[in-house]
Asker: 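Let me begin by handing over the structure; questions about it come next.
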Amino acid sequence: MASVELRDIRKTYGALEVIHRLSLSIEDGEFIALVGPSGCGKSTLLRMIAGLEEITDGEVLIGGAVVNALTPRERNIAMVFQSYALYPHMTVAENMGFNLRLSGVAKPDIERRVGEAARMLALTELLDRKPSQLSGGQRQRVAMGRAIVRDPAVFLFDEPLSNLDAKLRVQMRTEIKTLHQKVGTTSVYVTHDQIEAMTLADRIIVLNGGNIEQIGTPLELYRKPSNVFVAGFIGSPAMNFLDAAVEAHDGAPAALLSDGTAIRLDPSRDLTRGQQVRLGIRPEHLLAGPDGAGSTLAGQTLVVEPTGAQTHVVFTVAGEPVTAVVDGAFPVRHGTRFEAAIAADQVHVFDRGSGLAL
Ligand code: ADP
Ligand code: MG
């Protein structure tokens with residue numbers, strides 16, 4: 001196991017800079033999710049840690065030592081990709097042990113390590129099968145087993161579950177988390193899926209356009225997003241945004257929407273009258289019905305989406321669609337008026353120009 005540190009890392013492809021002087025540090029044993037939209041540089045960053053991609057500028061340290069000049073093998077990392085790339089003519093056991101055999105590990109030792117990994121991943125019964133005789137989830141487990149047997153200092157995952165169907169993805173997510181709790185190996189997990197990042201990681205790094213937007217625990221990012229990008233990226237359904245101007249309302253700070261609706265704001269915020277802001281309201285913080293305490297948002301219901309336990313209601317406020325999550329039993333019909341309350345301390349406020357949280 002080892003810590004991982006990036007110091008002023010830059011990556012250019014010709015004239016195009018895709019990673020801009022990025023620094024971060026990952027503690028020994030931590031599970032880090034690197035999350036961001038497609039093309040933001042996640043794979044590039046992971047591949048630079050792995051030694052599969054040249055580093056234009058800066059230093060990568062693993063276990064406190066600079067590894068820029070080391071080959072992937074010398075870095076003692078193991079990577080799990082979206083495509084499992086198993087050898088079709090080898091059995092599960094042979095696939096899992098292949099790298100160890102290449103490294104000259106003795107046969108009884110290989111058998112012991114493959115056996116242990118197989119037990120951990122519930123693959124013991126499948127050791128003699130060929131990859132073609134396995135389901136997608138089982139193949140992905142073999143790919144993880146192949147990484148585990150090497151007992152690497154760091155696991156690097158690049159969207160390993162993207163090829164699996166939704167149900168299997170959730171199941172494998174749990175297995176990866178369980179596995180990390182058992183072996184405790186430092187892990188960097190790349191995904192574009194914020195729910196995967198939230199559920200798996202000790203800390204999340206949100207990447208956007210080759211820059212870090214924010215680093216924090218899942219709940220820190222959810223509760224205190226430092227800007228509009230993180231606020232809109234973390235959370236499902238996504239946060240609602242409404243443009244407003246800061247005003248005093250009945251002696252308390254409030255924000256006025258374009259249709260005149262006043263939204264009370266937390267008085268502890270440092271706001272000035274007339275300031276142009278963007279309000280952020282999470283769908284799950286809108287309480288349906290006239291009884292909720294707080295400011296009221298009301299409008300015509302555009303779409304009603306039942307999911308079972310909850311229903312997503314999209315309604316119009318100041319000309320903008322706003323989503324609320326209500327109890328699945330709450331009666332609401334398309335085309336009718338919908339009303340929901342929002343408490344002042346649940347309203348996020350961002351500067352409209354910079355996008356930074358206020
Ligand atoms: P992600 O994994 O977040 O989807 P990548 O790290 O694969 O993103 O890519 C980051 C950016 O670098 C993208 O804009 C991509 O087009 C660009 N890129 C990746 N590989 C190359 C390459 N070999 N040559 C030129 N541009 C590349
Ligand atoms: Mg990628």
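Numbers for residues simply follow the sequence, beginning at 1. Order of listing sets the numbers, starting from 1, for every ligand and every atom in it. Keep in mind that this is a model prediction, so the values were computed, not measured.
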Asker: In the protein, what heavy atom is nearest to atom 6 (O) of ligand 1, and what distance, to one decimal place, separates them?
Answerer: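 Looking at atom 6 (O) of ligand 1, the protein heavy atom closest to it is Thr44 OG1, 2.5 Å.
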Asker: Return yes when atom CZ of Arg21 has more than 12 non-hydrogen atoms of other residues, nucleotides or ligands closer than 6.0 Å, and no otherwise.
Answerer: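 Enclosed.
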Asker: Does Gly39, backbone or side chain, put an N or O under 3.5 Å from an N or O of ligand 1?
Answerer: yes
Asker: Can you confirm whether some protein heavy atom lies under 4.0 Å from atom 16 (O) of ligand 1, or whether none does?
Answerer: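 It does not: no protein heavy atom is found less than 4.0 Å away from atom 16 (O) of ligand 1.
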Asker: Return yes when at least one N/O/S atom of Ser43 is nearer than 2.8 Å to the Mg ion (ligand 2), and no when none is.
Answerer: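 Under 2.8 Å: Ser43 contacts the Mg ion (ligand 2) through an N, O or S atom.
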Asker: Is there side-chain contact between Leu265 and Leu271, with at least one heavy-atom pair below 4.5 Å?
Answerer: yes
Asker: Would you say that more than 12 heavy atoms from the other residues, nucleotides or ligands in this model lie under 6.0 Å from the NZ of Lys107, or not?
Answerer: no
Asker: Which residue and atom name correspond to the protein heavy atom nearest atom 7 (O) of ligand 1, and how close is it?
Answerer: Ser43 CB, 3.8 Å
Asker: I would like to know whether Glu17 and Arg10 meet salt bridge (charged side-chain N to carboxylate O under 4.0 Å, His left out); could you show each step before the answer?
Answerer: CA-CA 7 Å; Glu17 183 167 290; Arg10 230 161 47 85; 2.6 Å; yes
Asker: Got the closest protein heavy atom to atom 18 (N) of ligand 1, with its distance?
Answerer: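 Answer, as residue, atom name and distance: Tyr13 CE1, 3.4 Å.
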Asker: Taking CZ in Phe330 as the centre, count heavy atoms belonging to other residues, nucleotides or ligands within less than 6.0 Å. Is the count above 12?
Answerer: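 Correct, the count exceeds 12.
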Asker: Any heavy atom of Gly36 sitting closer than 4.0 Å to ligand 1?
Answerer: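 So Gly36 does not count as touching ligand 1.
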Asker: Polar contacts were defined as any N/O atom of the residue lying under 3.5 Å from an N/O atom of the ligand; does this apply to Cys40 and ligand 1?
Answerer: yes
Asker: Under 4.0 Å from atom 13 (C) of ligand 1, is there at least one protein heavy atom?
Answerer: yes
Asker: From Leu134 CG over to Leu86 CG, what is the distance, rounded to the nearest 0.5 angstrom?
Answerer: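 That separation rounds to 8.0 Å.
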Asker: Would you say the side-chain atoms of Lys42 pair up with the backbone N or O of Leu207, donor to acceptor, closer than 3.5 Å?
Answerer: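 Answer holds: no.
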